[in-house]
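Data block below; observations after.
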There are 2 protein chains.
Amino acid sequence: MKIGELSARTGVSIRSLRYYEQQKLLTSVRQENGYREYTPLAEEQVRTIQFYLALGITTEQIASFLNCVLKNKEAFCEEVLPIYKQKLKEIDDQIHLLNNIKSNLEDRIRSIQEG
Amino acid sequence: MKIGELSARTGVSIRSLRYYEQQKLLTSVRQENGYREYTPLAEEQVRTIQFYLALGITTEQIASFLNCVLKNKEAFCEEVLPIYKQKLKEIDDQIHLLNNIKSNLEDRIRSIQEG
DNA sequence: CTTGACCCTGACATTAATGTCAGGGTTTAT
DNA sequence: ATAAACCCTGACATTAATGTCAGGGTCAAG
């Protein structure tokens, strides 16, 4: 299929599909006219990429394990676990930071409304 | 005092102090040689700016109420409360989003470690 | 009078994925 | 054969505060 169809099937913009290819997350073969041609498997692959992006995993990290998880179950890809754990730590840190700010804001709102 | 001293006293970089001035958070008078001259009050003012920035308030929002809070108590500045509440909502949303991602990551880590 | 420590402005870089535009080919249907 | 709907590459923009550099004045101490 061509890029427009892949975009329509996945809901991912053409711009992003080209970007994923540049980041080596997605491959295509070129037709004689230069158009990208995708296999039907590309659709599932794009959904997988979107799934990891939604977890906050960067394209660079995804590239490091995508080939493996597309062939095996996630659990067989040793690259995945450390990345998940690192991401989890980043998110935990971020949540703590936001909770601190939240408490601070709530205090100030309360003190304004009382004063 | 000159900008280097204000920077040393507050721990805020010279670059940032100039930026605050450009964003109309901070004022200075120019000496004949073009150097910025700050009053002693600037030190407290810079600390106040840093405090709001640490709450995630943007310079543009700070500019909208800084003059008021420097003269009055925060509670007298009606501009402050809606900004606090808006920021609180943004932070709440962000925390929820991060908690969702966190649960998702934890699930996947667990399933890898079990599998 | 020279050196080092200040100060100035203006500009570019930073992050990461995506939007958007320009300029230009290709295909398909009429 | 022409118009509409595709496709291509390359480039700039987006956010917000800060870092950093270039090129150039100013001041103070020796």
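Quick caveat, the model's predicted, so the values are computed rather than measured. In the text below, chain A, chain B and the rest are named by the order of the sequence lines, each starting its count at 1. Atoms considered below: every heavy atom in the structure, side chains included; atoms not considered: hydrogens, waters and symmetry mates.
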* Connected via hydrophobic side-chain network under 4.5 Å: B:Leu70 and A:Ile112 -> yes
* Are B:Ile95 and B:Ile101 grouped together when hydrophobic residues (ILVMFWY) are joined by side-chain heavy atoms under 4.5 angstrom apart? -> yes
Output the rounded distance in Å from [atom1] ([X]) to [atom2] ([N]).
| X | N | atom1 | atom2 | value |
| --- | --- | --- | --- | --- |
| A:Glu32 | C:dT26 | CD | P | 12 Å |
| A:Lys2 | C:dG25 | NZ | C1' | 13 Å |
| A:Leu17 | D:dC8 | CG | C1' | 14 Å |
| B:Glu21 | C:dC7 | CD | P | 13 Å |
| B:Gln94 | D:dT15 | CD | C1' | 14 Å |
| A:Gln22 | D:dC8 | CD | P | 14 Å |
| A:Ile3 | D:dA5 | CD1 | P | 19 Å |
| A:Arg18 | D:dT9 | CZ | C1' | 8 Å |

Side chains of [X] and [Y], donor plus acceptor under 3.5 Å:
| X | Y | answer |
| --- | --- | --- |
| B:Gln61 | B:Tyr84 | no |
| A:Glu90 | A:Gln86 | yes |
| B:Glu21 | B:Thr27 | no |

* To do: Quick one: do A:Glu37 and A:Arg30 satisfy side-chain contact (heavy atoms from CB on, under 4.5 Å)? Show the steps, please.
  => CA-CA 6 Å; A:Glu37 179 69 27; A:Arg30 294 306 179 105; over 6 Å; no
Just wondering, do [Y] and [X] contact through their side chains at under 4.5 Å, heavy atoms?
| X | Y | value |
| --- | --- | --- |
| B:Val12 | B:Tyr20 | yes |
| B:Glu74 | B:Leu81 | no |
| B:Gln23 | B:Glu60 | no |
| A:Leu6 | A:Thr10 | yes |

* To do: Between D:dT15 and C:dT9, how far apart are the C1' atoms? Round to whole Å, please.
  => 24 Å
* **Rounded distance in Å between the C1' positions of D:dT18 and C:dT18** => 24 Å
Produce the list of close N/O pairs, under 3.5 Å, pairing protein atoms with atoms of nucleotides 17-21 of chain C; give distances to one decimal.
residue : atom : partner : partner atom : Å
C:dA17  : OP1  : A:Thr59 : N            : 2.9
C:dA17  : OP2  : A:Tyr19 : OH           : 3.0
C:dA17  : OP2  : A:Thr59 : OG1          : 3.0
C:dT18  : OP1  : A:Tyr20 : OH           : 3.4
C:dT18  : OP2  : A:Ser16 : OG           : 3.4
C:dT18  : OP2  : A:Tyr20 : OH           : 3.0
C:dT18  : O5'  : A:Ser16 : OG           : 3.2
C:dT18  : O4   : A:Arg15 : NH2          : 3.2
C:dG19  : OP2  : A:Ser13 : OG           : 2.6
C:dG19  : N7   : A:Arg15 : NE           : 3.3
C:dG19  : O6   : A:Arg15 : NE           : 3.4
C:dG19  : O6   : A:Arg15 : NH2          : 3.2
C:dT20  : O4   : A:Arg15 : NE           : 3.1

* To do: Pull out every residue in residues 33-42 of chain B that has a heavy atom closer than 4.0 Å to any atom of DNA chain D, ordered by number, or say none.
  => B:Asn33, B:Tyr35
* Stems in DNA chain D: runs of 3 or more consecutive Watson-Crick or G-U pairs, distances under 3.5 Å? -> C:1-14 with D:17-30, C:17-30 with D:1-14
* **Worked verdict on B:Gln22 versus B:Arg18 for side-chain contact (heavy atoms from CB on, under 4.5 Å)** => CA-CA 6 Å; B:Gln22 186 187 330; B:Arg18 294 198 187 114; over 6 Å; no
